[in-house]
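Hydrogens, waters and symmetry mates are skipped; everything else that's a heavy atom, side chains included, is used. Numbers here are sequence positions counted from 1.
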Amino acid sequence: MKNPKQLNPNWAQLRQKLGHGSDLSSKKSRTETQETILGKRKERSDEGEVSDGETNILAPTSSDSSITDEIAMDCEMVGVSPLGNKSALGRVTLVNKFGNVIYDEHVRPVERVVDFRTQISGIRPRDLKKAKDFRVVQKEVAELLKGRILVGHALRNDLKALLLSHPKKDIRDTAEYQPYLKEGRKKALRHLAEEVLGVKIQNGEHCPVEDARAAMMLYLKKRREWERSVKDFVKMRLKQKKRKPKKHKKESSPAS
């Protein structure tokens, strides 16, 4: 009797189709078919891939793509207005605490795009052809962030572009965190990533997935101390409010 492999030259391919491939192939298949709450996870070439033999520090620490209590956000901007010097949202990315992408969408701004700022944003005209409208993205992002801790770098700019607000007590901004400042001045995310995490990012076009992961890792590295300082600050504010004397209304003099 002939060996089944000789009867079927595509035996390896058949085994993979039947789910008998290598563990590596199975893991890759599961990753490619992972679902998020807003549809299929987008597999992009800019998700921090590295060559063989290198360790990707920013790679997800788990296959868990759930919406965690902590979410990191990063946005890329394009230029609108006649001169293209006004920033508008071009792409927004959210990752969970494990570094997995839970939302990643290109955005069609309300105003006409004059400058795609591709050298930094990585956004090209073709990316916005089938992009979601700004209002749709704004609503979806707001729903995902509601009641959660928002992590990021210079989040004020991202929230401004989204025309959203977020409770101050739930913001963890690596650009504002005291231990990450240098003599009271803010550091760029790429500098913090290299100094604290030992990884180089933003070499050329920015990758929002990579940037969001870097911000999340910076937060998790100081999470215990950071959360303690937030709790202490809240307690202090409550004490100050209790100590604040109440202003009594002046009694009006009787009419003569």
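The 12-atom threshold is exceeded at NZ of Lys187, counting heavy atoms of other residues, nucleotides or ligands nearer than 6.0 Å. Counting non-hydrogen atoms of neighbouring residues, nucleotides and ligands closer than 6.0 angstrom, the CG atom of Leu164 exceeds 12 such neighbours. A 6.0 Å sphere centred on CZ of Arg156 holds no more than 12 heavy atoms belonging to other residues, nucleotides or ligands.
In this structure, the side chain of Asp115 does not engage the main chain of Gly84 through any donor-acceptor pair within 3.5 Å. Panel note: side chain Tyr180, backbone Leu218; a donor-acceptor pair is recorded below 3.5 Å.
Distance CD1/Ile201 to SG/Cys207: 9.0 Å, rounded to 0.5 Å. The line from SG of Cys75 to CG of Leu159 is 8.0 Å long, rounded to the nearest 0.5 Å. Note: Asp74 CG to Leu189 CG = 7.5 Å, rounded to the nearest 0.5 Å. Rounded to the nearest 0.5 angstrom, Asp170 CG and Leu145 CG are separated by 10.5 Å. Here the CD atom belonging to Glu111 is positioned 10.5 Å from the CZ atom belonging to Phe134, to the nearest 0.5 angstrom. Note: Glu176 CD to Leu181 CG = 7.5 Å, rounded to the nearest 0.5 Å.
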Item to complete: Check the pair Lys132, Glu140 against side chain to side chain contact (heavy atoms under 4.5 Å, CB included), reporting the backbone distance first and the verdict last.
Response: CA-CA 11 Å; Lys132 288 187 176 182; Glu140 291 176 345; 3.0 Å; yes

Worksheet entry | Test side chain to side chain contact (heavy atoms under 4.5 Å, CB included) applied to Glu143 and Lys139, step by step | CA-CA 6 Å; Glu143 289 175 355; Lys139 183 180 179 181; 3.5 Å; yes

Worksheet item: Hey, mind stepping through Arg91 and Asp104 against salt bridge (charged side-chain N to carboxylate O under 4.0 Å, His left out) and telling me if it holds?
Response: CA-CA 7 Å; Arg91 181 180 173 185; Asp104 187 14; 3.0 Å; yes

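Between Ile120 and Glu205, the closest side-chain pair of non-hydrogen atoms is not below 4.5 Å. Leu197 places a side-chain heavy atom less than 4.5 Å from the side chain of Lys221. In this structure the side chain of Arg213 reaches within 4.5 angstrom of the side chain of Pro60, judged on heavy atoms. The closest side-chain heavy-atom distance from Val101 to Leu94 is not below 4.5 Å. Taking the side chain as every heavy atom from C-beta outward, Asp127 and Phe116 never approach each other to under 4.5 Å. Counting heavy atoms from C-beta outward, Ile71 and Tyr103 have side chains that stay 4.5 Å or more apart. When side chains are defined from C-beta on, Gln138 does not count as touching Val136, because their heavy atoms never get closer than 4.5 Å. The shortest distance between side-chain heavy atoms of His106 and Val92 does not fall below 4.5 Å.
Note: the hydrophobic cluster containing Leu144 also contains Leu163 (ILVMFWY, side chain heavy atoms under 4.5 Å, direct or indirect links). Placement of Ile123 and Met77 in two distinct hydrophobic clusters is found when ILVMFWY residues are connected by side-chain heavy-atom separations under 4.5 Å, directly or transitively. At a threshold of 4.5 Å between side-chain heavy atoms, the hydrophobic network of Ile, Leu, Val, Met, Phe, Trp and Tyr places Ile102 and Phe98 in two separate groups. Under a hydrophobic clustering in which Ile, Leu, Val, Met, Phe, Trp and Tyr are joined whenever their side-chain heavy atoms come within less than 4.5 Å, directly or via other members, Val113 and Val137 fall into different clusters. The hydrophobic cluster containing Val107 does not contain Leu128, counting ILVMFWY residues as joined when their side-chain heavy atoms lie under 4.5 angstrom apart, directly or transitively.
With salt bridges taken as basic N to acidic carboxylate O contacts below 4.0 Å, none links Lys130 and Glu105. Ion pair Arg148/Glu70 not flagged as a salt bridge, since none of the NZ, NE, NH1 or NH2 atoms sits closer than 4.0 Å to an Asp/Glu carboxylate oxygen. Between Arg190 and Asp211, none of the side-chain N atoms (NZ, or NE/NH1/NH2) sits under 4.0 Å from a carboxylate O, so this pair counts as no salt bridge.
In plain terms, the two heavy atoms of Val95 and Met216 that are nearest each other are O-CE, 4.2 Å. Closest approach of Val114 to Pro82, counting heavy atoms only: CG1-O, 4.0 Å. Ala212 and Ala72 make their closest contact through O-CB, 3.3 Å (heavy atoms, listed as atom of the first residue, atom of the second, distance).
Remark: the Ser87 side chain and the Arg117 side chain contain an N/O donor-acceptor pair separated by less than 3.5 Å.
Legend: residues meeting side-chain hydrogen bond (donor to acceptor under 3.5 Å, both in side chains) with Asn96, ordered by chain and number and at least two apart, are absent. For Arg108, the salt bridge (charged side-chain N to carboxylate O under 4.0 Å, His left out) criterion is met by Asp133, not counting sequence neighbours. Every residue two or more places apart in sequence or in another chain that forms a side-chain contact (heavy atoms from CB on, under 4.5 Å) with Glu227 is listed here: Ile149, Arg172, Tyr219, Arg223.
Ring planes of Tyr177 and Trp226: parallel class, angle under 30° (limits at 30 and 60°).
Between Leu89 and the options Val141, Val78, Val80, Leu162, a side-chain contact (heavy atoms from CB on, under 4.5 Å) holds for only Leu162.
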